[in-house]
Student: 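Supplied in structure tokens, the structure appears directly below.
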Amino acid sequence: MTAHLVVIDMQRVFADPGSEWATPRFAEIVPRIQALAGALAPAVTFTRFLAPEQPSGAWRDYYARWSFALVRPESPLYDLVPDFADPGPTVDATTFSKWGPDLAARVGEDVLVLAGVSTDCCVVSTALAAADAGVAVRVVADACAGADDRSHAAALHVLGLFSPLIEVVDAAAVLASV
């Protein structure tokens with residue numbers, strides 16, 4: 001399988017336990033993502049979720065609720081964590097889904113392998129959008145983390161319903177295939 005790893009939003013805002021967007025199992029998935037990135041290099045792209053300069057539509061209500069996150073893209077809040085300080089190619093987006101022309105150009109005809117945070121938001125959004133575009137998607141369950149364990153499991157269950165467009169796999173299976 002020719003695969004392209006996309007690491008979703010491994011940023012300080014989701015890693016910091018004091019953040020309103022903290023992902024409790026963030027640190028646990030870092031070693032698996034590092035192993036996947038090492039094995040699939042150079043076919044690896046990182047993403048960052050950023051606030052828009054001026055929210056519009058429903059995003060106005062979203063940022064009214066999460067006003068702490070309405071900061072400029074160069075804010076340390078949106079930096080990738082130090083474990084991924086020099087990630088190589090990075091795609092930024094102001095939407096939950098990172099699938100779009102920039103990421104599609106990076107992935108090409110490869111199988112899209114997804115890891116990162118959060119399973120129940122940006123990972124699921126990206127997986128569904130890519131699958132709708134006809135891309136084969138593999139979500140690495142043990143290299144993703146959600147807002148909590150229940151939400152993570154629920155998102156993985158829903159993603160599994162999209163088989164064979166989306167397959168839920170583990171890191172060992174991905175590593176064994178490269």
Side-chain angles (χ1 to χ4, degrees), residues 1-12 14-15 23 25-50 73 78-147 151-178:
M1 134 176 119
T2 303
H4 191 104
L5 176 65
V6 174
V7 180
I8 304 289
D9 303 349
M10 294 298 286
Q11 297 165 267
R12 292 175 186 266
F14 304 113
T23 305
R25 296 194 183 275
F26 187 102
E28 293 175 30
I29 66 172
V30 168
R32 283 185 215 96
I33 292 173
Q34 289 172 321
L36 290 166
L40 292 171
V44 179
T45 302
F46 281 75
T47 73
R48 291 188 318 147
F49 177 79
L50 304 174
Y78 289 130
D79 287 348
L80 293 174
V81 294
D83 296 297
F84 305 112
D86 188 22
T90 303
V91 172
D92 294 339
T94 59
T95 55
F96 297 143
S97 174
K98 304 309 180 288
W99 189 256
D102 292 341
L103 194 52
R106 299 253 345 120
V107 174
E109 297 292 320
D110 291 349
V111 172
L112 173 61
V113 177
L114 292 176
V117 297
S118 94
T119 319
D120 43 336
C121 186
C122 295
V123 173
V124 73
S125 297
T126 304
L128 291 173
D132 273 349
V135 176
V137 178
R138 304 294 175 263
V139 176
V140 187
D142 58 347
C144 291
S151 297
H152 171 73
L156 293 173
H157 172 75
V158 168
L159 288 165
L161 298 174
F162 289 88
S163 180
L165 295 172
I166 300 172
E167 298 292 336
V168 178
V169 299
D170 61 24
V174 175
L175 294 169
S177 71
V178 293

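Computed from a predicted model, the values in this text were never measured in an experiment.
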Student: Return the CG to OG1 distance between D102 and T45, rounded to the nearest 0.5 Å.
Tutor: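 Atom-to-atom, D102:CG and T45:OG1 are 10.0 Å apart.
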
Student: Over all heavy atoms of both residues, which pair between L40 and A3 is shortest? Give the atoms and the distance, please.
Tutor: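 That closest heavy-atom pairing would be CD2-CB, 4.2 Å.
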
Student: Do you know the tightest heavy-atom contact between V168 and L159?
Tutor: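 The answer is CG2-CB, 4.1 Å.
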
Student: So do T119 and L156 actually touch side chain to side chain, heavy atoms under 4.5 Å?
Tutor: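 A side-chain contact under 4.5 Å exists here.
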
Student: Test of understanding: with salt bridge (Lys or Arg N to Asp or Glu O under 4.0 Å), list the residues that count as partners of R25, not counting sequence neighbours.
Tutor: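 Salt bridge (Lys or Arg N to Asp or Glu O under 4.0 Å) list for R25, sorted by chain: E28, D149.
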
Student: Rounded to the nearest 0.5 Å, what separates atom CG in L103 from atom CG in D92?
Tutor: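 Answer for the CG-CG pair, L103 versus D92, is 11.5 Å.
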
Student: Calculate, to the nearest 0.5 Å, the distance between atoms CG and CD1 belonging to D83 and I29 respectively.
Tutor: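 Atom-to-atom, D83:CG and I29:CD1 are 11.0 Å apart.
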
Student: Among residues two or more places apart or on two chains, list those pairs meeting ring-ring contact (aromatic ring centres under 6.0 Å, His included) that have a residue in residues 106-131.
Tutor: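 Residue pairs passing ring-ring contact (aromatic ring centres under 6.0 Å, His included), neighbours aside: none found.
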
Student: Where do P82 and R12 come nearest, in terms of heavy atoms and distance?
Tutor: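 Shortest heavy-atom separation between P82 and R12 comes out as CG-NH2, 3.9 Å.
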
Student: Shortest non-hydrogen contact from A127 to V139?
Tutor: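 So the minimum-distance heavy-atom pair works out to CB-CG2, 4.1 Å.
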
Student: About how many Å separate CD1 of I8 and OG1 of T126, when rounded to the nearest 0.5 Å?
Tutor: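 Rounded to the nearest 0.5 Å, the OG1-CD1 separation comes to 4.0 Å.
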
Student: Among all residues two or more places apart in sequence or in another chain, which pass the ring-ring contact (aromatic ring centres under 6.0 Å, His included) test with F49?
Tutor: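 Listed in chain order: W21, F96.
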
Student: Go through the structure and list residues passing side-chain hydrogen bond (donor to acceptor under 3.5 Å, both in side chains) with D132, not counting sequence neighbours.
Tutor: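 Once residues adjacent in sequence are excluded, D132 has no partner under the side-chain hydrogen bond (donor to acceptor under 3.5 Å, both in side chains) criterion.
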
Student: What are the two closest heavy atoms between A143 and A115, and how far apart are they?
Tutor: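 Between these two residues, the closest heavy atoms are O-CB, 3.4 Å.
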
Student: May I ask you to test the L128-I166 pair for a side-chain heavy-atom distance under 4.5 Å?
Tutor: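 With C-beta onward as the side chain, the pair touches.
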
Student: Please collect all salt bridge (charged side-chain N to carboxylate O under 4.0 Å, His left out) contacts where either partner lies in residues 162-178, sequence neighbours excluded, each pair once.
Tutor: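 Of all non-adjacent pairs touching residues 162-178, none passes salt bridge (charged side-chain N to carboxylate O under 4.0 Å, His left out).
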
Student: Is it true that a side-chain atom of S177 and a backbone atom of V174 form a donor plus acceptor pair closer than 3.5 Å?
Tutor: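 Yes; at least one donor-acceptor contact below 3.5 Å.
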
Student: Evaluate the side-chain contact (heavy atoms from CB on, under 4.5 Å) criterion for residues F84 and V30: first the C-alpha distance (whole Å), next the side-chain angles of each, then the deciding distance (0.1 Å), finally the verdict.
Tutor: CA-CA 9 Å; F84 305 112; V30 168; 4.1 Å; yes

Student: Return the CD to CZ distance between Q11 and F46, rounded to the nearest 0.5 Å.
Tutor: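 Those atoms lie 11.0 Å apart.
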
Student: Quick check: do V137 and L165 have side-chain heavy atoms less than 4.5 Å from each other?
Tutor: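 Side chain of V137 against side chain of L165, heavy atoms only: no contact under 4.5 Å found.
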
Student: Let me see the working for V117 and M10 under side-chain contact (heavy atoms from CB on, under 4.5 Å), right down to the final yes or no.
Tutor: CA-CA 7 Å; V117 297; M10 294 298 286; 4.3 Å; yes

Student: Only counting residues at least two apart or in another chain, list the ones meeting salt bridge (Lys or Arg N to Asp or Glu O under 4.0 Å) with D9.
Tutor: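 So D9 forms a salt bridge (Lys or Arg N to Asp or Glu O under 4.0 Å) with K98.
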
Student: Do any N or O atoms from the side chain of D120 and from the backbone of A154 form a donor-acceptor pair under 3.5 angstrom?
Tutor: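 Such a contact is absent between D120 side chain and A154 backbone.
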
Student: Looking only at heavy atoms, what is the nearest atom pair of A171 and R32, with distance?
Tutor: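 Smallest heavy-atom distance, with atoms named: CB-CD, 4.2 Å.
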
Student: Can you tell me how far apart CG (L112) and CH2 (W99) are? Round to the nearest 0.5 Å.
Tutor: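 Here the rounded value is 5.5 Å.
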
Student: Would a distance-only check, ignoring hydrogens and angles, find a side-chain to backbone donor-acceptor pair under 3.5 Å from R48 to T90?
Tutor: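 Side chain of R48 to backbone of T90: no pair is present.
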
